[in-house]
Amino acid sequence: MSVSGAEVHHEHRDVTGGWLRPAVFGAMDGLVSNAALIAGVAGGGAAPRTVVLAGVAGLASGAFSMAAGEYTSVASQRELTRAELDVERRELLRNPEAERAELAAVYVARGVDPDLADRVAAQLSRDPEQALEVHAREELGVDPGDLPSPALAAGSSFASFALGALVPLLPYLLGARALALAVAAALAGLFLCGAVVGRITARPWWWTGGRQLVLGALAAGLSWLLGGLVGAGLG
C-alpha cells in the first residue's frame, strides 16, 4: 500500500498490558513499599540487622504476593474472555443471520453506508473463525489469538517487584548503617523508573520521574514518622 508513491510502514507498540503493566507496577510497588517498610522500621529505632531482616522479608513476601495476585487476576480475566468467546461462537452457529445483521449494524453506527455494511458483514461471516475474531474485536474488544498470559504477568510482577524492593535494601546489605543512604537509593530508583516509563509512553521523562520521586518520598517520610511514633510509644 502506498500514499503519494511512498510506502507506509506503520507499527504500534504492545499496549495491551501483557508485560508492561505488571512489570512497571511491580517495580514501583517494590521500591515504594520496601523503602517505606525500611524507613518505618528504622524510624522506630530498630538495629540495622533488624532493618535488613524486615527488608528481606518485605522483598520476598511482596514478590510472591504480587506474582500470585497477577496470576490469579490475569487467569480469571482470560477464563472470562474465553467463556464469552464460547457464547459468541455458539451464537454464530445457531443464529448466523442475526449475528451478520448485528455486525452490519455496528458498521452502520460507525458511518458506513448500510448496503456496503451489509456486504462487508456477509463477506466476513463466510469463515466462522474470522467471523468470531471480528465479533470478538467489535463486541468484546479483544483479540482471541492474543489473550494475556497469566504466567508472563506473574513472572514480570515477581521479577520487577524483587528488583525494585532490592534497591532500598542494597545499601544495608553492603554494610551501610544510615537510613539516608537507603532512602536516597530508593528515590533515585523511583526517578529512574518513572523516567523510563515516560520514554515508553511518550510523556516528559522529567515529569514522570519527578512524580514517582515525590510519591515515594511521601510514603517513606510518613512511614518513618509513624515508625518513630510507634517506637516511642513502645518505649
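All residue numbers refer to positions in the sequence shown, counting from 1. We use all heavy atoms of the structure for the numbers below, so side chains are in, but hydrogens, waters and symmetry mates are not.
Between Tyr172 and Ala42, the shortest heavy-atom contact is OH-CB, 4.2 Å. Residues Ala57 and Ser61 come closest through the heavy atom pair O-OG, 2.7 Å. In plain terms, the two heavy atoms of Ala67 and Phe158 that are nearest each other are CB-CB, 3.8 Å.
Side-chain contact check for Val74 versus Ser149: every heavy-atom pair is 4.5 Å or farther apart. For the pair Asp86 and Arg89, the minimum side-chain heavy-atom distance is below 4.5 Å. Looking only at side-chain heavy atoms (C-beta outward), Glu102 and Glu139 come within less than 4.5 Å of each other. Two residues are said to be in side-chain contact when any heavy atoms from C-beta on lie closer than 4.5 Å; Gln212 and Cys193 fail this criterion. At least one side-chain heavy atom of Leu147 sits under 4.5 Å from a side-chain heavy atom of Arg82. Looking at Trp224 and Leu179, their side chains come closer than 4.5 Å, going by heavy atoms from C-beta outward. Residues Val167 and Leu163 are not in side-chain contact: their nearest non-hydrogen atoms beyond the backbone lie 4.5 Å or more apart. When side chains are defined from C-beta on, Arg90 counts as touching Val87, because their heavy atoms get closer than 4.5 Å.
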- Task: In sequence, state the C-alpha distance, the side-chain angles, and the governing distance for Glu99 and Asn95, and then conclude on side chain to side chain donor-acceptor pair (under 3.5 Å).
- Result: CA-CA 6 Å; Glu99 291 296 312; Asn95 305 298; 6.0 Å; no
Distance-only donor-acceptor pairs under 3.5 Å for side chains of residues 114-129, two or more places apart:
| unit_1 | atom_1 | unit_2 | atom_2 | d |
| --- | --- | --- | --- | --- |
| Asp118 | OD1 | Arg100 | NH1 | 2.3 |
| Ser125 | OG | Ala121 | O | 2.7 |
| Asp127 | OD1 | Glu129 | N | 3.2 |

Name every donor-acceptor pair, under 3.5 Å, that has one atom in a side chain of residues 32-41 and the other anywhere in the protein, sequence neighbours excluded.
| unit_1 | atom_1 | unit_2 | atom_2 | d |
| --- | --- | --- | --- | --- |
| Ser33 | OG | Asp29 | O | 2.6 |
| Asn34 | ND2 | Gly55 | O | 3.2 |
| Asn34 | ND2 | Ala165 | O | 2.9 |

List, one per line, each side-chain donor-acceptor pair under 3.5 Å for residues 184-191, sequence neighbours excluded.
none

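Interatomic distance, Leu132 CG to Glu91 CD, rounded to the nearest 0.5 Å: 12.0 Å. Note that CG of Leu213 is 11.5 Å distant from OG1 of Thr208, once rounded to the nearest 0.5 Å. Put simply, CG on Asp143 and OG1 on Thr81 are 11.0 Å apart, with the number rounded to the nearest 0.5 Å.
Counting heavy atoms of neighbouring residues, nucleotides and ligands inside a 6.0 Å radius, atom CZ of Phe64 does not exceed 12 of them.
Residue Trp206 is not grouped with residue Val214 when hydrophobic side chains (ILVMFWY) are merged at heavy-atom distances under 4.5 angstrom, including chains of intermediate members. Hydrophobic clustering (side-chain heavy atoms under 4.5 Å, transitive across Ile, Leu, Val, Met, Phe, Trp, Tyr) groups Leu166 together with Val56. Note on Leu59 and Leu173: same hydrophobic cluster, where clusters join Ile, Leu, Val, Met, Phe, Trp and Tyr whose side-chain heavy atoms are under 4.5 Å apart, directly or indirectly. Residues Trp207 and Met28 are members of one and the same hydrophobic cluster, defined by side-chain heavy-atom contacts under 4.5 angstrom among Ile, Leu, Val, Met, Phe, Trp and Tyr. Criterion: ILVMFWY side-chain heavy atoms under 4.5 Å apart, direct or through other members. Under it, Leu31 and Leu181 are not part of a common hydrophobic cluster.
Panel note: side chain Ser160, backbone Ser156; a donor-acceptor pair is recorded below 3.5 Å. Arg177 places a side-chain N or O within 3.5 Å of a backbone atom of Gly175 that can act as its donor or acceptor partner.
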